[in-house]
2 protein chains.
Amino acid sequence: MELQERLRARGYRLTPQRALVLEAVTTLGHATPEDALGWIRERASGVNISTVYRALELLEGLGLVRHTHLGHGAPTYHASTTPEHVHLVCRQCGGISEVEPDAVQPMVEALERSSGFVADVGHLAVFGLCKECAR
Amino acid sequence: MELQERLRARGYRLTPQRALVLEAVTTLGHATPEDALGWIRERASGVNISTVYRALELLEGLGLVRHTHLGHGAPTYHASTTPEHVHLVCRQCGGISEVEPDAVQPMVEALERSSGFVADVGHLAVFGLCKECAR
DNA sequence: GTTAATGCAAAAACTTTGCAAACCT
DNA sequence: AGGTTTGCAAAGTTTTTGCATTAAC
């Protein structure tokens with residue numbers, strides 16, 4: 001299994017908890033540490049929130065998950081296997097929608113050209129007003 | 001004074017604390033609540049952190065300050081009077097640079113056209129790798 | 001004089017850490 | 001067996017809240 005290989009290549013071990021955390025994030029699509037724990041607790045017991053934090057940090061270090069800050073509070077994680085996407089966060093209604101990275105490609109290119117900055121689009125959260133609230 | 005007018009128009013009062021918070025953010029350019037308090041404590045005593053939080057929330061509601069999430073945790077505030085700008089946050093070295101909103105204008109237009117989403121550029125933080133770290 | 005705003009202290013939300021026990025390899 | 005990982009509990013951060021007192025108007 002890929003996860004195990006990745007872990008062992010760096011001297012880490014494959015534990016049920018780590019597998020569950022990755023599965024939770026993958027299944028949920030977007031998950032805060034608390035969300036992931038909630039999902040896990042529906043199928044396993046005794047998993048601790050601190051383990052979730054530690055697993056997320058590890059998995060992120062391995063490049064298997066990423067996180068974004070979708071506003072105040074807890075970061076939101078998603079699996080690296082899910083297609084990259086940009087988050088649109090409505091400041092009015094709090095709604096979150098996703099768009100293809102294509103939508104921001106012109107920006108990425110402009111930034112790289114002008115500043116040499118290589119933007120990580122999978123990390124991008126754009127705040128503003130959604131269609132409904134903009135009126 | 002503009003601040004007082006804005007406050008009173010909504011039944012709020014002008015207090016030294018509120019004026020100081022606005023001044024701190026304006027002077028510092030970018031400030032977390034803790035930063036603002038630090039600045040304030042250099043010239044006034046007895047101002048409490050909870051007052052800073054409350055003042056920032058109020059001032060933001062009045063449109064006098066804005067905030068951005070530049071990563072990890074603490075939000076960063078800046079005065080609305082400062083020219084809008086986009087933040088580029090380097091995930092490698094942690095450096096933060098600013099670019100003109102023009103650099104992302106194509107993205108803003110693309111988003112509005114495709115999703116009807118009105119992006120708030122002053123809120124935008126783009127994560128990625130800066131010129132130096134990208135190599 | 002009213003009523004909003006502050007300071008303080010305590011709570012809440014979110015993360016991290018130390019350590020003995022349990023588990024992976 | 002041996003070193004890694006976990007659960008638990010406790011502490012650390014950051015932000016919010018309740019309430020009596022103070023201050024703006």
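In what follows, chains carry the letters A, B, and so on, assigned in the order in which the sequence lines appear, proteins first and then strands, with residues in each chain numbered from 1. On a predicted model such as this, the values are computed, not experimentally measured, just so you know.
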What about A:Arg54, does its side chain sit under 3.5 Å from the base of D:dT6 through a donor-acceptor pair?
->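 Checked by distance alone, the answer is no.
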For [N], does either OP1 or OP2 sit under 4.0 Å from a side-chain N or O belonging to [X]?
| X | N | result |
| --- | --- | --- |
| B:Thr51 | C:dG7 | yes |
| B:Arg13 | C:dT3 | no |
| A:Ser50 | C:dT15 | no |
| A:Tyr53 | C:dT15 | yes |
| B:Gln17 | D:dA23 | no |
| B:Gln4 | D:dC25 | yes |

Is it true that a side-chain atom of A:Arg6 and a backbone atom of A:Leu62 form a donor plus acceptor pair closer than 3.5 Å?
->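 Between the backbone of A:Leu62 and the side chain of A:Arg6 there is a qualifying donor-acceptor contact (under 3.5 Å).
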Check: B:His67 main-chain N/O paired with B:Glu60 side-chain donor or acceptor under 3.5 Å |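 Side chain of B:Glu60 to backbone of B:His67: a pair is present.
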Nearest listed nucleotide, side chain of A:Val47, among C:dT6, D:dG7, C:dT25 =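 Comparing C:dT6, D:dG7, C:dT25 against the side chain of A:Val47, the answer is D:dG7.
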Parallel under 30°, tilted from 30 to 60°, perpendicular over 60°: which one fits the rings of A:His87 and A:His30?
->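 Perpendicular.
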Give, for atom CG of A:Leu58 and atom OG1 of A:Thr51, the distance between the pair rounded to the nearest 0.5 Å.
->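 Nearest 0.5 Å value for the CG-OG1 distance: 12.0 Å.
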